[in-house]
Protein chains: 2
Amino acid sequence: MAIKKQRAVRRTDALSKERIVEAAIEILDSGGEGALTFRALAAHLATGSGAIYWHVANKDDLLAAATNDVIARVMADPAGGARPREAIRALALGLFDAIDVHPWVGTQLSRAPWLAAIPQIFEGFGSRLEELGVPEEAQFDATSTLVIHVLGVAGQNAANARLHAHRTDRTVFLGEIAQQWAQLDPARYPFVHRVAAQLPEHDDREQFLAGIDLILGGIGAAHPGPSSRT
Amino acid sequence: MAIKKQRAVRRTDALSKERIVEAAIEILDSGGEGALTFRALAAHLATGSGAIYWHVANKDDLLAAATNDVIARVMADPAGGARPREAIRALALGLFDAIDVHPWVGTQLSRAPWLAAIPQIFEGFGSRLEELGVPEEAQFDATSTLVIHVLGVAGQNAANARLHAHRTDRTVFLGEIAQQWAQLDPARYPFVHRVAAQLPEHDDREQFLAGIDLILGGIGAAHPGPSSRT
DNA sequence: ACCTGAACACCGTTCAAGT
DNA sequence: ACCTGAACACCGTTCAAGT
């Protein structure tokens with residue numbers, strides 16, 4: 001009897017915010033940011049486009065919920081008893097990988113600083129810096145720099161993914177940009193010329209981590225704590 | 001006669017890509033990103049919306065041209081014979097201020113890494129790092145970290161500006177976010193709680209510069225060159 | 001060569017009408 | 001309470017027609 005009652009209350013095919021968000025994530029992942037329309041979503045859910053508005057305020061609300069979902073999953077990862085420095089690197093890489101799989105998350109994060117995902121990321125980095133012995137006055141700036149680095153790379157990766165969509169290959173795409181850079185006046189752009197050759201083969205993930213390490217190095221240099229002693 | 005000929009060739013009211021881009025910048029600055037439509041632009045230029053397509057490929061092309069214009073103006077600034085470290089800080093602040101005045105530039109930069117503005121920014125930072133004595137193998141990662149910081153902050157500022165549009169005050173807006181942060185569970189978000197109080201009054205520009213200094217500090221710690229000796 | 005403006009395809013969002 | 005789907009307002013872009 002209890003089962004019957006539950007079934008009546010919660011039909012298998014009933015619409016809910018969770019189901020809508022889940023479907024939105026599927027569409028975003030498979031078709032990219034441009035593929036998510038209320039019409040496509042309604043078709044995917046076999047309902048009318050207006051029905052979605054009963055569960056979701058508007059498209060921004062939907063994208064926010066989808067983004068928070070993905071980030072919450074990353075933050076729920078243990079990253080266990082690792083030492084703070086390693087925990088920061090692990091968290092950063094976890095975020096990078098999630099955004100790599102869901103490039104649209106990068107767009108959202110760099111467009112909406114009021115998302116619930118943002119304080120989660122702040123907490124993740126900030127509390128580890130506290131453990132590292134960074135003095136309290138310096139924690140806000142240092143944490144913000146780490147967060148900005150993650151969001152900055154997220155935005156660039158999302159932009160790259162938007163072009164990928166219709167391309168064969170990432171290396172081909174970067175090769176085209178490298179070619180444009182190589183065509184600039186070498187007298188005015190000597191550095192860009194030198195770097196253009198490295199562009200197609202460089203590893204985004206490694207460069208992202210190098211940035212994190214540079215920032216951590218700067219924090220350590222400014223505030224030499226017990227754990228950063230060599 | 002020469003004058004008459006010139007007048008005939010180049011009527012004062014003739015359409016041109018420059019005039020279109022100029023008008024687009026005016027609309028973006030005064031009305032925000034949402035205000036730039038081909039209809040509004042056509043009305044502003046007293047022409048038909050289709051006429052704009054004779055000079056501009058599409059909206060992305062137009063936004064790219066407007067963004068490149070603004071950035072080129074910043075990069076043209078002397079930043080003269082300053083020592084490399086100061087030149088980097090000056091360049092970073094110049095970019096920050098330009099994006100502060102034209103928040104839509106922030107959106108564009110963090111959405112389109114293939115813009116002509118990007119290699120310009122790379123060159124600006126990269127060549128100074130070379131002067132600073134950063135070894136060649138480390139220049140790409142270090143420059144990219146500085147560029148990402150600028151683009152990351154640019155994206156966040158643009159996002160803030162999008163909300164500002166309908167708000168009285170920046171402090172009020174940040175105050176609302178701070179309040180949301182303060183309502184999170186203090187046991188799970190101890191760091192965010194501590195930092196929430198600093199959010200409304202903190203200076204974005206100073207925090208941006210603190211990030212640049214942190215990165216420069218990390219570069220100096222990793223590659224102690226002649227100029228970073230204390 | 002350059003401009004005009006109606007037309008097209010496609011959005012997000014609303015809402016009267018249903019169950 | 002929840003769903004349907006036509007309708008509305010508004011886009012970017014195209015294109016036949018003009019000069």
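In what follows, chains are A, B, ... by sequence order, proteins preceding strands, each numbered from 1.
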* Hunt down the Watson-Crick or G-U wobble partner of dA1(D), both distances under 3.5 Å, from any strand shown, or write none. =>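 For dA1(D), the partner nucleotide comes out as dT19(C), under the 3.5 Å rule.
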* Asked: Considering Watson-Crick and G-U wobble pairs with both distances under 3.5 Å, what does dA6(C) pair with?
  ->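 Result: dT14(D).
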* Quick one: sort the F140(A) and F122(A) rings into parallel, tilted or perpendicular, breaks at 30° and 60°. =>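 Tilted.
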* Asked: Using a cut-off of less than 4.0 Å, is there contact between a side-chain N or O of W54(B) and OP1 or OP2 of dC2(C)?
  -> yes
* How many Å lie between CZ on R19(B) and C1' on dC2(C), as a whole number? ->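 The answer, rounded to whole Å, is 14 Å.
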* Could you tell me whether the side chains of D29(A) and W104(A) share a donor-acceptor contact shorter than 3.5 Å? => yes
* Inspect the contact between R111(B) and D60(B) and indicate whether a charged nitrogen and a carboxylate oxygen are less than 4.0 angstrom apart. =>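 Looking at R111(B) together with D60(B), the answer is no, because their closest N to O distance does not fall below 4.0 Å.
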* Grab the two heavy atoms, one from I118(B) and one from A112(B), that are nearest each other, plus how far apart they are. => CG1-O, 4.0 Å
* **Distance-minimising heavy-atom pair for P113(A) and Q156(B)** => CB-OE1, 3.1 Å
* Asked: Just by distance, do the side chain of H55(B) and the backbone of E18(B) share a donor-acceptor pair under 3.5 Å?
  -> no
* Structure fact -> Scoring nucleotides 5-15 of chain C by protein non-hydrogen atoms under 4.0 Å (B base, S sugar-phosphate only, - none) yields BBB---BBBBB
